[in-house]
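Shown next, in structure tokens, is the structure this report addresses.
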Amino acid sequence: MDIFGVLTLIGGLALFLYGMNVMGAGLEKMSGGKLEKILETLTSNPIKAVLLGAGVTAVIQSSSATTVMVVGFVNSGIMKLSQAVGIIMGANIGTTVTSWLLSLSGLQGDNFFIQMLKPSSFSPILAMIGIILCMSKKSDKKKDIGEILLGFAVLMYGMESMSGAVEPLADVPEFTNILTMFHNPFLGVLAGAVLTAIIQSSSASVGILQALSVTGAFTYGSVIPIIMGQNIGTCVTAMISAIGANRGAKRTAFVHLYFNVIGTILFLVLFYTGNALIGFEFTNEVVGAAGIAMIHTIFNVFATLVLLPFTKGLEKLAYLTIPKTAEEQNQKEDVFVILDDRFLSSPAFAIEQCHSLANQMAKITHEGFLEAMTVLDEYSEEKIEDVIAKENIVDTYDDKLSAYLTKLSSQNLSYKDSLKVTSLLHCLTDFERISDHSINVVENAQQMYKEGAVFSKKAKEEMKVYSTALRDILERTTNAFVDGDEALARTVEPLEEVIDELNKTVKKNHMKRLRKGKCTIELGLVLSDLAMNYERVADHCSNIAVYMMQLEDTQLEEHSFTEQLDAEESAEFTKQLNEFEKIYQI
């Protein structure tokens, strides 16, 4: 092979790996975190776990990605090791889909339909459709589909380039002599494992083997150990991912390794024993791309069928490798462990995890503020301590989530995911501010208790209406955020306007009482501060509701919400406003 042939081979390999990466990224974005969510929730049954692992990997075209995701699940406590075993087995089966797609390049025949099935025929069409969709500015979904098609077309073009570059090597004796060494099973396994460990993708390394097969230098007997080694080599990605993770995640990576090593040993022992006793005639036959795909599939299905009944054994083997420590048994659950950096490569799922924690933060904020309000009527040091404790917890949620979302924002996010991250960051800030106001409220309660001050009967009545309206808006906002209920979020803004008017009325009436000497200046300052805190909480609720609505309407501005309503929306807004005004009257 001359220098130009080598350059063509390198270029083809680069395009092949790049295309696989682009296609996988597009498929991941297209799934929008749904596949990972399915893996997280539907793994109670081992057979179901295998099918799910195979299905998800077939879609995202990477067993390494699936396994790394599972390592992350176990590390964050979302999934138990027993659930992970089945998914890992299924992932190995799912990854064989890529090799079957790549085997299309080996189709032979003059029939028009057979010719159209060849990558050299349909790849340009897919590339053109893909680039048109990618240039479309209207839809993220279309861009994701375009990215998938482009990635697949580039992958196939890279495969064709590699095959074309190595084809002349069939007539080079030195090249065929090098390949004869792979007839040694140990060297074959080692070569396959090293190649896959370097590029960290069994799909890609099998694809490279399929490209080399056009030289006719590989036989079934020589590629079988190489393919076994490739399956072992793909474990490197999960092993690297487990570095720095907890012991459960490390066990998951070892389960993946043991599954492939034990499967390889069993398969090779049976194959070579059978060949020695019976003599398989096909071992010396030249293997093509389809034959390699078939061996890849047979091995992974075989290993899964044989080892599936022994999932408990694989689990025990992992525990023998990394025993459970006393500290691990007594370790308290850390809710923030689900903010795993491994999930950053799957932004849609990472956002789901953040939203799950943000929901908990919203509920704690809601509970803390309501409890702070009760202290005004029934003073209790225990309740005050509980409010302070809840506020500290909310601060921790805000710090952890904001830091993780900031890291997530630096990833390659779709426009929709970028909006979600921005909206979530804003909402976190508002919930944290509401929690801060709960501390202000208990400080008002402490001051009144210390001074023995009591509101006048009229002030109590007014604050009761104000407090009820505030509880209403806080509950609507929290429920809308947690449930993702945009319709409920739309009811927050009219109620916020009513609360603004209540705030003005309370302050105006307070000034009248102050002038008439029915209220002391000190107590008046407490009431004014309390009313201000209530009004600020309503403002934060309004912000959260508008951020939610902005996800559906990106043109919406939070500071001029009412001005942007169309006639129908304005009529509904006015109707709701009138209803709230009737309920909350002073």
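Just so it is clear, the values below take in all heavy atoms, side chains as well, and ignore hydrogens, waters and symmetry mates. These numbers were taken from a predicted model, which means no experiment stands behind them.
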With a 3.5 Å distance limit and no angle check, can you tell me whether [X] reaches the backbone of [Y] through a side-chain donor-acceptor pair?
X: Ser423; Y: Leu419; value: no
X: Thr252; Y: Gly248; value: yes
X: Ser409; Y: Thr406; value: yes
X: Thr374; Y: Glu371; value: yes
X: Ser356; Y: Glu352; value: no
X: Asn578; Y: Thr574; value: yes
X: Ser542; Y: Ala538; value: no
X: Lys416; Y: Leu551; value: yes
X: Ser438; Y: Ser435; value: yes

Next item on the list: Might you work through the side chain to side chain contact (heavy atoms under 4.5 Å, CB included) test for Leu425 and Val421, ending with a clear yes or no?
Entry: CA-CA 6 Å; Leu425 279 166; Val421 169; 4.1 Å; yes
Next item on the list: Apply side chain to side chain contact (heavy atoms under 4.5 Å, CB included) to Ile384 and Tyr379, showing your working.
Entry: CA-CA 8 Å; Ile384 290 173; Tyr379 188 83; 3.5 Å; yes
Taking all non-hydrogen atoms of both residues into account, name the closest pair between [X] and [Y] and its distance.
X: Arg476; Y: Leu488; value: O-CD2, 3.5 Å
X: Ala489; Y: Ala480; value: N-CB, 3.8 Å
X: Gln576; Y: Pro494; value: OE1-CG, 3.3 Å
X: Thr478; Y: Ala362; value: CG2-O, 3.9 Å
X: Val492; Y: Ala545; value: CB-CB, 3.7 Å
X: Val506; Y: Ala531; value: CG1-CB, 4.4 Å

Notebook entry, point to check: Are Lys575 and Glu572 close enough, and set up right, to give a side chain to side chain contact (heavy atoms under 4.5 Å, CB included), and what steps lead you there?
Noted result: CA-CA 5 Å; Lys575 179 184 174 186; Glu572 180 62 26; 4.2 Å; yes
Any chance you could measure [X], atom [atom1], to [Y], atom [atom2], to the nearest 0.5 Å?
X: Asp529; Y: Asn444; atom1: CG; atom2: CG; answer: 4.5 Å
X: Phe481; Y: Tyr547; atom1: CZ; atom2: OH; answer: 12.5 Å
X: Leu495; Y: Glu581; atom1: CG; atom2: CD; answer: 10.5 Å
X: Ile586; Y: Lys458; atom1: CD1; atom2: NZ; answer: 8.5 Å
X: Asp340; Y: Phe349; atom1: CG; atom2: CZ; answer: 9.5 Å
X: Glu381; Y: Tyr449; atom1: CD; atom2: OH; answer: 7.5 Å

Taking the side chain as everything from C-beta on, heavy atoms only, tell me whether [X] gets closer than 4.5 Å to [Y].
X: Ile351; Y: Asp417; value: yes
X: Tyr534; Y: Met463; value: yes
X: Asp430; Y: Thr477; value: no
X: His540; Y: Phe431; value: no
X: Ile544; Y: Ile434; value: yes
X: Glu315; Y: Val255; value: no
X: Gln353; Y: Leu357; value: no
X: Lys420; Y: Leu424; value: no

Check: Is it the case that Gln447 and Glu443 place a side-chain donor and acceptor less than 3.5 Å from each other?
Finding: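 Per modelled atom types, Gln447 and Glu443 side chains form no pair under 3.5 Å.
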Tell me whether the count of non-hydrogen atoms from other residues, nucleotides or ligands lying under 6.0 Å of [atom1] in [X] goes above 12.
X: Lys312; atom1: NZ; answer: no
X: Lys383; atom1: NZ; answer: yes
X: Met128; atom1: CE; answer: no

Next item on the list: Decide salt bridge (charged side-chain N to carboxylate O under 4.0 Å, His left out) for Arg490 and Glu486; before the verdict, give the C-alpha distance in whole Å, the side-chain angles of both, and the deciding distance to 0.1 Å.
Entry: CA-CA 6 Å; Arg490 286 188 173 274; Glu486 194 206 344; 3.3 Å; yes
Checklist line | Derivation of the side-chain hydrogen bond (donor to acceptor under 3.5 Å, both in side chains) call for Asn359 and His355 | finding: CA-CA 6 Å; Asn359 288 346; His355 215 298; 3.2 Å; yes
Next item on the list: Show the numbers, then the answer: is there a salt bridge (charged side-chain N to carboxylate O under 4.0 Å, His left out) between Lys504 and Asp500?
Entry: CA-CA 6 Å; Lys504 291 175 186 176; Asp500 280 347; over 6 Å; no
Check: Do the two ring centres, one from Phe336 and one from Tyr397, sit under 6.0 Å apart?
Finding: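 Yes, they do, as the ring centres are separated by less than 6.0 Å.
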Next item on the list: With sequence neighbours left out, write down each residue that passes salt bridge (charged side-chain N to carboxylate O under 4.0 Å, His left out) with Glu475, or none if nothing qualifies.
Entry: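 Testing Glu475 for salt bridge (charged side-chain N to carboxylate O under 4.0 Å, His left out), a comparison that skips the adjacent residues, returns none.
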Next item on the list: Could you check Asn92 against His256 for side chain to side chain contact (heavy atoms under 4.5 Å, CB included), going step by step and ending with a plain yes or no?
Entry: CA-CA 9 Å; Asn92 280 38; His256 190 211; 3.5 Å; yes
